[in-house]
Amino acid sequence: MTQAIAKLLVANRGEIAVRIIRAAQALGIPTVAACSAADVDSQAARMADEVYLLGPARADKSYLNVEALLGALNATGANAVHPGYGFLSENADFAEAVLAAGAIFVGPSPETIRRMGDKAQARRTAQAAGVPVVPGSPNELFDVESALRAAESVGYPLLIKASAGGGGRGIRLAEDARQLSEEFPRSQREAQAAFGNGAVYLERFIRRARHIEVQVLGDGQHAVHLFERECSLQRRRQKIFEEAPSPVLSQQQRETLCASAVRLAESLGYKGAGTLEYLYDEATGEFFFIEMNTRIQVEHPVSELITGIDLVQAMLRIAGGEPLGFTQSDIQLKGAALQMRLNAEDPARDFFPSPGLVETLVWPQGEGVRVDTHLYQGYRVPPYYDSLLAKLIVHGADRAEALARARMVVRQTTLSGMANTLSLHGELLEQPWLHRADFHTGTLETWLAERHGGGEA
Ligand code: ADP
Ligand code: ADP
Ligand code: MG
């Protein structure tokens, strides 16, 4: 019993709320911006057909407040919810509550979210579908003794990871048994405090890995991939600069990797947009699944630019009961795309958060240029949320052209009123190792540390 989307509630904020409203408007779907008190003058609120006040600025009183969101559905008559990323986007209980209220959750089923949102369980699901995972503990661990025992077969160095973790948080390194005994209880406490779930597991630490992820799209019957993204340039395990396709995969490797992701998605009867994240060990040529994100991702635009498919529109169509409408052979990889995340953080002061008033704002333009943002001149960036201000995205016929366009884009952009990461991207784009694509997940931090003493090992 599928129903069409008659009115969409956007349960998020910032650039992704704007992005979702844009997609809905293109499909002729009326929108409601569900906002906190800090966001009533936001670009999303300006664009939406209606604004609904969820509660005060604090996320637990607004964007994480399930009762308030259900109240918003009821009050506005919206019959669908797009959760964006972060907040409640991977919360199975929320998805279930939306369905119970008779509305559409734009995403996979609560069962799928539950199964893949728990990282330890997702590893087991991947293994069952024949997708290799990083060697690690088969189950969640609850005490130091079992962790030390499990570590003997996992091997050091290893990572202690929160099953419910995300956004680069809840991950700690242990080089040996002594460190594991020390860090294990800390990880449990941290996971409990941050995610409301103290379960952790162990994974061997792969030192020179690349982070390569596959975008999938499914309608519950069929799944396709939109090729891969390379997201190895990270700070504190958070992505800063992303690209598609990965500059290091052969056509053969690409096909094998993407086919494994589609197999996994089809084994789940996957509905909506999702991402399977892998680590790639360049030394051995091996891929290991690390997690699945059952939502739209921050870096989705690079996949859109190389395929011409609008992922957010596709999510809305699928949620409204439409079939995919295309097959794998309809999806062609065209050129190369890059994304630079502009964050309200000061690269000269160890990325100290720097929200503020947008004074001068000039966005880049030209062929192959896209800006996803919620900023406007005179807008005051509130201090309560994620530091993402904008994504500067470029597309070129090949990687060299995309890099050249990225340089132009950085020079054309002006954003004054708050410290931000624009200058960091300018410097990054001058690095020969970036142009050679010679990097792994530790490279950016090593470079930052050598350059300013500002990075972190
Ligand atoms: P992506 O995987 O799309 O690049 P990130 O991992 O950077 O996205 O996460 C996007 C946003 O979602 C960030 O604001 C991040 O802090 C938040 N986030 C992701 N997973 C979780 C989680 N499990 N709990 C809380 N916040 C999360
Ligand atoms: P999150 O849910 O926070 O996104 P992930 O499991 O995706 O957590 O890991 C985030 C990042 O941490 C990866 O992109 C990678 O850089 C690093 N990482 C995760 N697992 C490993 C591992 N086993 N070995 C080396 N690095 C890892
Ligand atoms: Mg991840």
Side-chain angles (χ1 to χ4, degrees), residues 12-16 19 59-60 63-64 83-92 94 113 116-120 122-123 126 132-137 154-174 190-191 193-197 200-215 229-242 273-281 286-303 311 339 341 343 372 384-389 391 439-445:
N12 214 300
R13 64 172 308 283
E15 68 86 20
I16 196 65
R19 172 74 188 88
D60 60 332
Y63 299 106
L64 291 170
Y85 53 69
F87 297 125
L88 294 170
S89 60
E90 294 184 270
N91 185 311
F94 176 59
I113 299 176
M116 300 313 275
D118 180 307
K119 293 162 87 173
R123 282 168 54 86
V133 300
V134 185
S137 60
V154 174
Y156 294 95
L158 54 78
L159 295 177
I160 314 165
K161 298 175 79 169
S163 295
R169 292 174 304 151
I171 302 179
R172 278 162 180 260
L173 179 67
E190 205 172 75
F195 312 111
N197 174 352
V200 300
Y201 62 102
L202 307 181
E203 223 172 67
R204 185 179 301 161
F205 180 59
I206 305 182
R207 213 175 272 280
R208 289 177 186 283
R210 284 172 178 267
H211 174 120
I212 297 180
E213 57 185 37
V214 181
Q215 176 70 56
R229 297 184 285 258
E230 161 96 42
C231 311
S232 301
L233 297 179
Q234 305 178 352
R235 177 177 172 272
R236 296 197 171 162
R237 306 200 163 90
Q238 279 184 357
K239 301 155 188 165
I240 292 207
F241 181 104
E242 296 110 331
T275 298
L276 295 105
E277 298 191 334
Y278 298 79
L279 291 179
Y280 174 51
D281 188 338
E286 286 173 291
F287 280 99
F288 304 103
F289 169 87
I290 50 171
E291 68 154 343
M292 178 167 193
N293 295 317
T294 55
R295 55 168 166 90
I296 192 73
Q297 271 188 286
V298 178
E299 58 273 25
H300 75 275
V302 291
S303 302
L311 278 163
Q339 172 177 291
R341 296 195 193 196
N343 294 329
D372 278 20
Y384 314 106
Y385 314 106
D386 199 275
S387 65
L388 185 63
L389 297 172
K391 305 183 301 202
F439 49 68
H440 53 80
T441 56
T443 304
L444 185 77
E445 286 194 353

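Atoms within each ligand, like the ligands themselves, are counted from 1 in listed order.
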Shortest non-hydrogen separation from [X] to [Y] and the atoms involved:
{"X": "Val134", "Y": "Ile206", "result": "CG1-CD1, 3.9 Å"}
{"X": "Phe288", "Y": "Pro135", "result": "CE2-CD, 4.2 Å"}
{"X": "Tyr85", "Y": "Arg295", "result": "CB-NH1, 3.6 Å"}
{"X": "Phe195", "Y": "Arg169", "result": "CZ-O, 3.8 Å"}
{"X": "Lys119", "Y": "Tyr201", "result": "CB-OH, 3.3 Å"}
{"X": "Pro83", "Y": "Asn12", "result": "O-ND2, 2.7 Å"}

Option nearest [atom] (shortest heavy-atom distance, choices [options]):
{"atom": "atom 13 (C) of ligand 1", "options": "Ile296, Asp386, Leu88", "answer": "Asp386"}
{"atom": "atom 22 (C) of ligand 2", "options": "Leu279, Leu173, Val134", "answer": "Leu279"}
{"atom": "atom 7 (O) of ligand 2", "options": "Arg123, Arg169, Glu277", "answer": "Glu277"}
{"atom": "atom 10 (C) of ligand 1", "options": "Ile16, Val298, Asn197", "answer": "Val298"}

Distance to 0.1 Å, residue and atom name: give those for the protein heavy atom nearest to [atom].
{"atom": "atom 9 (O) of ligand 2", "value": "Ile171 CD1, 3.7 Å"}
{"atom": "atom 8 (O) of ligand 2", "value": "Lys119 NZ, 3.0 Å"}
{"atom": "atom 17 (C) of ligand 1", "value": "Gly86 CA, 3.6 Å"}
{"atom": "atom 18 (N) of ligand 2", "value": "Leu159 CD1, 4.0 Å"}
{"atom": "atom 12 (O) of ligand 2", "value": "Arg237 CD, 3.2 Å"}
{"atom": "atom 6 (O) of ligand 1", "value": "Gly167 CA, 3.5 Å"}
{"atom": "atom 4 (O) of ligand 2", "value": "Glu291 OE2, 2.9 Å"}
{"atom": "atom 25 (C) of ligand 2", "value": "Ile206 O, 3.2 Å"}

Does the side chain of [X] come under 3.5 Å of the side chain of [Y] through a donor N or O and an acceptor N or O?
{"X": "Gln339", "Y": "Glu299", "value": "no"}
{"X": "Arg19", "Y": "His300", "value": "yes"}
{"X": "His440", "Y": "Arg210", "value": "no"}

Flag Arg341 as yes when one of its N or O atoms lies below 3.5 Å from any N or O atom of ligand 1, and as no otherwise.
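Yes - when backbone and side-chain N and O of Arg341 are compared with those of ligand 1, one distance drops under 3.5 Å.
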* To do: Give a yes/no verdict on whether any heavy atom in Lys161 is under 4.0 Å from an atom of ligand 2.
  =>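 Lys161: in contact with ligand 2 (<4.0 Å).
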Please confirm whether Gly168 approaches ligand 2 to less than 4.0 Å, judged on its heavy atoms.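 The answer is yes: ligand 2 sits under 4.0 Å from a heavy atom of Gly168.
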| With atoms numbered from 1 as shown, which atoms in ligand 1 lie under 4.0 angstrom from a non-hydrogen atom of Tyr85? |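 Reading through ligand 1 atom by atom, the close ones are 10 (C), 11 (C).
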Ala164: numbered ligand 1 atoms lying under 4.0 Å from its heavy atoms: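 Heavy-atom distances to Ala164 below 4.0 Å select 23 (N).
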Mind checking whether [X] has a heavy atom under 4.0 Å from ligand 1?
{"X": "Arg295", "answer": "yes"}
{"X": "Glu242", "answer": "no"}
{"X": "Gln238", "answer": "no"}

Requested in this report: Determine whether the side chain, the backbone, both or neither of Cys231 has a heavy atom under 4.0 Å from any heavy atom of ligand 1.
Outcome: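 No part of Cys231 comes within reach of ligand 1.
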Going by the 4.0 angstrom heavy-atom rule, the piece of Gln297 near ligand 1 is both
Which atom of Glu291 is nearest the Mg ion (ligand 3), counting N, O or S only? It is OE2
To the Mg ion (ligand 3), the closest N, O or S atom belonging to Glu277 is OE1
Check: Is the count of non-hydrogen atoms from other residues, nucleotides or ligands lying under 6.0 Å from Arg204 atom CZ greater than 12?
Finding: yes
Checklist line | 2.8 Å cut-off met by an N, O or S atom of Glu213 to the Mg ion (ligand 3) | finding: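 For Glu213, the answer is no, given that no N, O or S atom comes within less than 2.8 Å of the Mg ion (ligand 3).
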With atoms numbered from 1 as shown, which atoms in ligand 2 lie under 4.0 angstrom from a non-hydrogen atom of [X]?
{"X": "Arg204", "result": "22 (C), 23 (N), 24 (N)"}
{"X": "Gly165", "result": "2 (O)"}
{"X": "Gly166", "result": "1 (P), 2 (O), 3 (O)"}

**Prompt:** Is the Tyr63-Tyr385 ring centre distance short of 6.0 angstrom?
**Reply:** yes
For the residue pair Val133 and Ile290, establish whether any side-chain heavy-atom pair is separated by less than 4.5 Å. no
Requested in this report: Please step through side-chain hydrogen bond (donor to acceptor under 3.5 Å, both in side chains) for the pair Arg229 and Gln297, ending with a clear verdict.
Outcome: CA-CA 11 Å; Arg229 297 184 285 258; Gln297 271 188 286; 3.1 Å; yes
Point to revise | Trace of the ring-ring contact (aromatic ring centres under 6.0 Å, His included) decision for Phe87 with Phe94 | key: CA-CA 10 Å; Phe87 297 125; Phe94 176 59; over 10 Å; no
* To do: Would you sort out whether Arg236 and Glu445 count as a salt bridge (Lys or Arg N to Asp or Glu O under 4.0 Å), showing the intermediate values?
  => CA-CA 8 Å; Arg236 296 197 171 162; Glu445 286 194 353; 5.7 Å; no
Review point. Polar-atom distance check: Phe205 versus ligand 2, any N or O pair below 3.5 Å?
Key: no
Assess the residue pair Glu230 and Lys239 against the criterion (salt bridge (Lys or Arg N to Asp or Glu O under 4.0 Å)); give the C-alpha distance rounded to whole Å, side-chain angles, the decisive distance to 0.1 Å, and a yes or no.
CA-CA 10 Å; Glu230 161 96 42; Lys239 301 155 188 165; over 6 Å; no
Candidate pair Val298 and Lys391, rule side chain to side chain contact (heavy atoms under 4.5 Å, CB included), full reasoning = CA-CA 9 Å; Val298 178; Lys391 305 183 301 202; 3.8 Å; yes
Going by the 4.0 angstrom heavy-atom rule, the piece of Asn293 near ligand 2 is neither
Counting heavy atoms under 4.0 Å, the part of Gln234 that contacts ligand 2 is side chain
Under 3.5 Å, sequence neighbours excluded: what are the donor-acceptor pairs made by side chains of residues 154-167?
residue	atom	partner	partner atom	Å
Lys161	NZ	Glu203	OE1	3.0

